[in-house]
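Worth saying up front: this structure is predicted, and the values here are computed from it rather than measured. Any value given below was found using the heavy atoms of this structure, including those in side chains, with hydrogens, waters and symmetry copies removed.
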Amino acid sequence: MKGFDRPDQPAIPGALPAESRSVKVMIAGGFGTGKTTMVRSVSDIRPLTTEETLTQASADVDHLIGIADKQETTVSLDFGRIGINDQLVLYLFGTPGQERFWFLWNGLFKGALGAVVLVDTRRLASSFRAIEEMERQNVPFVIGLNVFPDSKEHPIDEVRDALDVPQHTPIITCDARDRKSSRDVLIALIHHLKDRSAATLEPR
């Protein structure tokens, strides 16, 4: 794919060059893992978000164990855009994390070339469903371990075993609040997609 060999060029916001290639990327994960935060931090444009305030009425369905300070939740999708370099632009679609909005996922996955699954190591189980959906939809993905202030550090191999993801799936520690950190995760996804593409073209 053109543009993969120069991932460190600065992003170029605004109008896209005529020769640019655009790629749809999903930002998925469990409830409260930082999907909206990542889209906001990394997008070159003002992101579109569909956040609503959490109310007492949703307490029984939006479980806040481990994320008691969370005040808003995505009810449809988040959308942003980032130019990785002159030739490659990623359109970012953040998925809702709560189970009651999972019915929206099938439509969001259409046309996606790859995905980032954000994981909160304090609540690993919250992202199991997102990982299962990637595998079911056959969407290549990388794992982003989003670091929260009270997160404990775990060896990558232990996290991999706990999530039951194969060795070829990259796992990257990140801070979804930081633009560079979030961008590094997206670049890791692009390299992962390139490696998978090259592997399928190898003679058997």
Subject >> Check: Leu186 and Val116 side chains under 4.5 Å, non-hydrogen atoms >> reply: yes

Original post:
Nearest heavy-atom pair of Cys174 and Val185: which atoms, and what distance?
Top reply: CB-CG2, 3.5 Å

Original post:
Are the side chains of Val89 and Arg21 in touch, meaning some heavy atoms are under 4.5 Å apart?
Top reply: no

Original post:
How far does CZ of Arg196 sit from NZ of Lys194, to the nearest 0.5 angstrom?
Top reply: 15.5 Å

**OP:** Answer yes when Glu133 and Arg129 have at least one side-chain N-carboxylate O distance shorter than 4.0 Å, and no when they do not.
**Re:** yes

Original post:
Who are the side-chain contact (heavy atoms from CB on, under 4.5 Å) partners of Asp178, not counting sequence neighbours?
Top reply: Asp175, Lys180, Ser181

Original post:
Do Leu113 and Leu193 have side-chain heavy atoms sitting under 4.5 Å apart?
Top reply: yes

Original post:
Who pairs with Thr33 by side-chain contact (heavy atoms from CB on, under 4.5 Å), at least two apart in sequence or on another chain?
Top reply: Lys35, Leu118, Asp120, Arg123, Ser126, Ser127

Subject >> Arg46: partners by salt bridge (charged side-chain N to carboxylate O under 4.0 Å, His left out), with sequence neighbours left out >> reply: none

Subject >> Verify same cluster id: Val119, Val139 (apolar side-chain graph, 4.5 Å) >> reply: yes

Subject >> Spacing of Asp161 atom CG and Ile156 atom CD1 [to the nearest 0.5 Å] >> reply: 11.5 Å

Subject >> Heavy-atom closest pair, residues Lys24 and Leu108 >> reply: NZ-O, 2.7 Å

Original post:
At what distance, to the nearest 0.5 angstrom, does CD1 of Ile82 lie from OH of Tyr91?
Top reply: 12.5 Å

Subject >> 4.5 Å side-chain heavy-atom contact, Phe141 and His192 >> reply: no

Give every donor-acceptor pair under 3.5 Å between a side-chain atom in residues 162-172 and any protein atom, sequence neighbours left out.
none

Original post:
How far does CD1 of Ile27 sit from CG of Leu189, to the nearest 0.5 angstrom?
Top reply: 8.0 Å

**OP:** Would you give the length of the straight line joining atom CD of Glu153 to atom CD of Glu158, rounded to the nearest 0.5 angstrom?
**Re:** 10.5 Å

Subject >> Residue that, paired with Asp44, satisfies salt bridge (Lys or Arg N to Asp or Glu O under 4.0 Å) out of Arg183, Arg81, Arg179 >> reply: Arg179

**OP:** Not counting sequence neighbours, which residues clear side chain to side chain donor-acceptor pair (under 3.5 Å) with Ser41? List them please.
**Re:** Ser182

Subject >> Val159 and Leu145: CA distance, side-chain angles, deciding distance, side chain to side chain contact (heavy atoms under 4.5 Å, CB included) verdict >> reply: CA-CA 9 Å; Val159 176; Leu145 300 181; 3.7 Å; yes

Subject >> With Phe93 via ring pair (Phe, Tyr, Trp, His ring centres under 6.0 Å) - residues at least two apart >> reply: Phe79

Subject >> Linked, directly or transitively: Val147 and Leu124 (ILVMFWY side chains, under 4.5 Å) >> reply: no

Original post:
Counting heavy atoms not belonging to Arg177, are there more than 12 under 6.0 Å from its CZ?
Top reply: no

Original post:
For the atom pair CG (Asp78) and OG1 (Thr36), what is the distance rounded to the nearest 0.5 Å?
Top reply: 3.5 Å

